[in-house]
Structures are given as C-alpha cells and as structure tokens.
Amino acid sequence: MIRARFAPSPTGPIHIGNIRTALFNYLFVRSSGDKARMVLRIEDTDLQRSSKEYERLIFEELQWLGIEWDEGAGKGGDFGPYYQSQRLDIYSKYIEILVAKGKAYYCYCTPEELEEDRQKSVASGDIPRYSGRCRHLTPEQAEVYKREGRTPVVRFKIPSDRMVVFEDVIKGKIEINSDTLGGDMVIQKSDGMPTYNFAVVIDDHLMGITNIIRGEDHLSNTPKQILIYEALGWEKPAFAHAPLILGPDRTKLSKRHGNTYIGQYREDGYLPEAMFNYLALLSWSPEGNEEILSKEDIVKQFKLERVTRANPVFDIGKLNWLNAHYIRQAPLERIAALSIPYLIEEGLITEEEAVEKKEWLYLVVETVKESLVKISDITEKVKIFFDDRIVPEDDEAAELLKGEHVSRLLRVFKEKLLNAGTVDQEFCKGIFKVIQKETGIKGKNLFMPVRVAITGQCHGPELVNILLILGKDRLIKRIDYVLENYK
Ligand code: GLU
C-alpha cells in the first residue's frame, strides 16, 4: 500500500518550495488509487525555532490550496504521534539499539577539538570530516570525560569507501561515495534531541512510508539515511527528489525575488485553483499541451516520472495569466465576496455599506472583474466609482477635456440626465445616440471626453456600466465639477 508523507518543519512561514513538495506528494498519492495515503508529520525537534503559529500556517495554506492529507497532524491515525517532539522516547530506543549493535557510539569531543580537526583538514586540502577520535574510546576514557562534565553526542558510523547507490524516480541512478559524507554523523545531540537524518528514517520506517518525495536540497542527505536503514536492517523506501524552484536570475528562489510565503499570495488575492494549477506545472506537464488544468485533471494525469530534472523558474507572469483566467471564470458572487474585504480595508466602503449597497457593489465588481489579475487589484480598479471630484489621470486625459466642443457636449449630456426619469439600462444604451443627433459630435470626440469627464481616465470599463453605477445625481455632480474646474 502506497504511503507518502509531507514533513515540514514549522520554523518559518511555509515556503513556496515546500508547498510544491506537499503538492507533488498529494498528486502522487491521489493518482495512486483509493488505498494510497498522504501523511502529514510535523518535524519540530528544533524547539527554539519551531512555533505553533508557523504550524497553524502550514495547516491553513494546505487547506486553502486543497491539499488534503489523510492522516497525521491535525487528523490523527494509527502511526502517531505525528509530531517529532512527541517521539523522543522512540528515537532514544533506536539510538540504544544502534549503540548496542556497534553501529553508533558516544562521542565526547568538545567544539574546540572539532574545530581544530576541521582546520587541520582544511589546511591539508581535505574535505572536512569527523576524525573518528571517539570511535574506539575505552570505557575508562569515557569515564574520565564524563567526570570532566562533558555531555556526549551519539555518532553513527559511516563506513569508509562504500558506494551508496539508489534509483531516484526523478533523477535516475544516484551513486555517492560514503567518504564524501563528512565522517561519522551525529544522530543525537548533547541535549538528547535526535538529528534530522536520524529521526526522519525512524519515522518514515515506523509510519510505513513507501515513497519519499521531497526537494533536491535533501539529495545529499539520502545516502546517510540509506546507511541508517541498512544498519537497522530495514527496507528503504523509494526516493524522488524534485528540482528546486529558481528565481528569474536562476538562483534558488528566495525572498530577494519577491514573495516566497504562499500565504502572501492568498492575501494578494490569488485564487487557490490558480496557484494549484501553477505549482503543478512547475516541473511537471501533462502529455498534451493544455496549461489550464483543474485539480481533477491534474490528479488524473499526474505521473511522478514526468517531473523534469531541470530546475523550473518561478514565472509570476504565468501565475498572473492563470489567475486572471480563473477570476474571469469564477461566479460573480465569489469574486464579489472576495473583493469586499479589500474595499473595506482601503476605506472605500464600510462594513454596513457592504451589506446595504450589496447590489450596487456587485455591479461595480462585475464591471471590473474581467480586468483583475488578482483580487487586490480591485481597489485601484474601482476608485473611479468613489470620488466625484474628477482629476484627469494624465496629460492625455487633461488634453481631452480641453477640446472646443467639450463644454457643449457636457451641457447637453447634463440636460439629458436632468430630464431623464431614471438612469437605467435603456437610458444608458440610448443616450449617446441622442447626444450625437443633437450635437453632431460622434465617435471618439463623443465618447472620450465623456469618459474622462466622469472617470478622469482615458480607458476603463464599459461606459454603459459606468453610467449605471454612478447614477443620475453623481453623473451630474461630476459633470458640474468638470465644467467648473476644467472649462
Ligand atoms: N523537515 C524536513 C524539511 O522540511 C523534511 C525533509 C524530508 O522530507 O525528508 O525539509
């Protein structure tokens, strides 16, 4: 039975690379049949840097994206606890087993001694590695150290000159010589905490994990983990290391390149389905050429073997393109509900107005929906509907108001408004024909000055919608303001 896991450390706002790892695990599991399971394990042995707040963000972002896990933190299951900080007695048990088997040993070296060793190897041009000084300590020597007050770490014996070979599902055959692994590695620190490379093996084995999918930054850890599996006589899982996501300058995606915290995208108004689609296409593609894919499409077509080895570059332009697409597709109701908090936050409306003027707001959102790349763009796009004191946005707009015929045009427009019963669809659709007939002004000379006079902008949403949104009184107010200030 297939079991994969996502094992984040809650030591910071969850990085987009980690979310992509979660997504690949999810897609792999969901495309592997009903019995396959996705486990969420929280790797919180770094007590200083781990926090409940970062853990909460992990849950929140996974849920937002629709990456549901079957078992583990927040869910429970038969293989818990799913928090490493609650598994310390389990790690201690296996530390003892490895020590008893002669595969691991206590090391009393002080930081100063280790630093001295390191400098020696650097000086002689060798790769720094632990000298193995404590490998053969006699019980008497250990006793002396203990009496000196030294607290030991436990080191795992890395065999010398061993080729560690494994078949990575994405990267192919990987061969690493054990001599390059830095010498006997610490598996339990002096404060009793296990190290990552050790705890991860114990947990993955005891939790029945069959497939490990993670970022290629862990590739150099894998041989160390394989040696621990061997030492404990356990079968190793299958490994797949996904290529790291790069920024546009082809270095590892980091804060320098912009947002790396997924929640920031949510706050900016990216839709989860756009993000899901985009992240899936980072290093994976379906057999066909389609790029707009629903979660179900992706699950149906996903194959780990189709993940490329090349490093993908995070392309905000493509994400924006997808997001704009999904916003256009989404029902007005949903986009309006997502937009309103931004309008309140910007001070354009109050919470009460959001309820009272719901219908009007829906019309406003509908009018600009097609032009949104992300929901937060809404505040800029709808500003034209809030302040009746028109200011031409640029020289081109100001110039358009200066036309000789503009005063006459606006006066006729105002007169028609004053005479209108209500400014409804019918009126808005017919008004320009009427003005044209009466004044002889037509085409650009008619539409552009009107647009600038009532919005301050040369381009924007459908004029008919703008008229409907502003309504009679505010249109008149705006025309008066322009006639007074710019004519
Ligand atoms: N806690 C590790 C990380 O977040 C897990 C790595 C792994 O998947 O083995 O990088």
Side-chain angles (χ1 to χ4, degrees), residues 2-29 37-59 61-62 67 69 71-74 79 81-88 90-91 164 166 168-171 174 176 181 185 187 189 193-229 234 236-245 252-254 260-262 279 283 304 307:
I2 293 221
R3 289 171 61 83
R5 84 315 191 256
F6 176 49
S9 304
T11 51
I14 187 161
H15 188 278
I16 226 158
N18 280 328
I19 286 284
R20 204 256 330 234
T21 297
L23 179 64
F24 280 180
N25 274 288
Y26 172 83
L27 291 172
F28 171 72
V29 166
R37 287 286 170 270
M38 160 115 171
V39 178
L40 176 65
R41 180 173 70 233
I42 301 290
E43 305 213 323
D44 57 351
T45 51
D46 185 341
L47 296 179
Q48 245 103 58
R49 290 174 59 228
S50 298
S51 85
K52 280 284 163 199
E53 174 56 13
Y54 292 139
E55 184 189 313
R56 191 185 64 73
L57 292 180
I58 293 170
F59 292 165
E61 306 312 344
L62 290 176
I67 300 179
W69 59 104
E71 183 187 314
F79 297 80
Y82 294 94
Y83 287 79
Q84 286 193 326
S85 59
Q86 295 169 18
R87 299 174 63 81
L88 301 182
I90 302 177
Y91 306 130
V164 184
F166 66 99
D168 190 279
V169 180
I170 296 169
K171 303 224 160 264
I174 306 279
I176 296 177
L181 300 179
M185 67 168 161
I187 53 177
K189 294 181 248 178
M193 285 309 226
T195 56
Y196 157 71
N197 275 315
F198 173 71
V200 80
V201 169
I202 305 303
D203 292 344
D204 285 336
H205 175 77
L206 295 180
M207 293 182 185
I209 302 300
T210 55
N211 293 74
I212 291 182
I213 304 165
R214 60 188 171 200
E216 70 182 351
D217 47 334
H218 285 292
L219 199 54
S220 60
N221 287 322
T222 305
K224 297 177 188 170
Q225 295 172 15
I226 290 175
L227 290 170
I228 298 178
Y229 279 102
W234 293 343
K236 66 178 188 303
F239 292 96
H241 289 89
L244 287 191
I245 306 170
K252 187 180 167 194
L253 186 70
S254 72
T260 54
Y261 164 51
I262 180 92
L279 289 177
S283 3
L304 205 48
V307 173

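Values below: every heavy atom of this structure, side chains too, minus hydrogens, waters and symmetry copies. In each ligand, atom 1 is the first atom listed, and ligand 1 is the first ligand listed.
- No side-chain donor from either of His15 and Asn18 sits under 3.5 Å from a side-chain acceptor of the other.
- Counting non-hydrogen atoms of other residues, nucleotides and ligands closer than 6.0 Å to NZ of Lys252 gives a total of 12 or fewer.
- At the shortest separation from atom 5 (C) of ligand 1 among protein heavy atoms lies Ala7 O, 3.2 Å.
- Regarding atom 7 (C) of ligand 1, its nearest protein heavy-atom neighbour is Tyr196 OH, 3.3 Å.
- Taking the centre and axis of the six-membered ring of Phe79, the NZ or CZ atom of Arg3 falls inside the cone set by 45° and 6.0 Å.
- Under a 4.0 Å heavy-atom criterion, Phe6 is not in contact with ligand 1.
- Of all atoms in ligand 1, listed by their number and element, those nearer than 4.0 Å to a heavy atom of His218 are 3 (C), 6 (C), 10 (O).
- Protein heavy atom nearest atom 8 (O) of ligand 1, with residue, atom name and distance: Arg5 NH1, 2.7 Å.
- Every atom of ligand 1 with a heavy atom of Arg214 under 4.0 Å away is listed here by number and element: 7 (C), 8 (O), 9 (O).
- Counting atoms of ligand 1 from 1 in the listed order, those under 4.0 Å from a heavy atom of Glu43 are 1 (N), 2 (C), 5 (C).
- Neither side chain, Gln84 nor Asp44, offers a donor N or O lying under 3.5 Å from an acceptor on the other.
- Residue Val200 approaches ligand 1 through these ligand atoms, each under 4.0 Å from one of its heavy atoms: 9 (O).
- Side chain to side chain, Asp46 and Tyr196 fail the donor-acceptor criterion of an N or O pair below 3.5 Å.
- No more than 12 heavy atoms of other residues, nucleotides or ligands sit less than 6.0 Å from atom NZ of Lys236.
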